[in-house]
J.: 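The structure follows.
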Amino acid sequence: MTQTSGKTRGIGCGLWARIDPPTAGEHTVRIHGESGSFVVDAEYTLVVAATNPSAA
C-alpha cells in the first residue's frame with residue numbers, strides 16, 4: 001500500500017554539474033557512481049531539436 005502523507009527520514013547527497021547547451025542532434029548522458037555496496041548507473045538519450053532563430 002502506498003502512503004499519501006506522513007513523515008520519513010532520509011539522507012541525500014549528490015553532485016551537480018553544469019554543461020554548455022548541447023548542439024542539435026542525439027546525445028547520450030551516462031551517470032555512474034559507487035559508494036560501498038551501493039551502485040547507481042543511469043543512461044539517458046537526449047534529442048535536441050534545432051532552434052528557430054526567428055523565434056528568439
Side-chain angles (χ1 to χ4, degrees):
M1 182 173 168
T2 302
Q3 294 181 342
T4 57
S5 64
K7 293 183 180 182
T8 187
R9 290 183 185 203
I11 297 174
C13 66
L15 298 174
W16 295 85
R18 183 200 173 282
I19 61 171
D20 291 331
T23 58
E26 188 171 296
H27 303 273
T28 301
V29 176
R30 181 169 181 234
I31 300 166
H32 177 86
E34 299 180 27
S35 179
S37 63
F38 177 78
V39 177
V40 64
D41 194 42
E43 186 171 289
Y44 300 92
T45 300
L46 308 177
V47 179
V48 179
T51 59
N52 181 351
S54 63

J.: Looking at CD of Glu26 and OG1 of Thr45, how far apart are the two atoms once the value is rounded to the nearest 0.5 Å?
T.: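 Output value for this atom pair is 5.5 Å.
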J.: Please give me the minimum heavy-atom distance between Arg18 and Asp20, naming the atom from each residue.
T.: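 For Arg18 and Asp20, the tightest heavy-atom pair comes out as NH1-OD1, 3.1 Å.
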J.: Measure the CD-CG distance between Glu34 and Asp41 for me, rounded to the nearest 0.5 Å.
T.: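 The distance works out to 8.5 Å.
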J.: Could you walk me through whether Val40 and His32 pass the side-chain contact (heavy atoms from CB on, under 4.5 Å) test, one step at a time?
T.: CA-CA 6 Å; Val40 64; His32 177 86; over 6 Å; no
J.: Check Thr23 against Val48 and note the closest heavy-atom contact, atom names and distance.
T.: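 Nearest pair, atom of Thr23 first, then Val48: O-CB, 3.6 Å.
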J.: Using every non-hydrogen atom in the two residues, find where Ala49 and Ala24 come nearest and quote the distance to one decimal.
T.: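 So the two residues come closest at C-CB, 4.1 Å.
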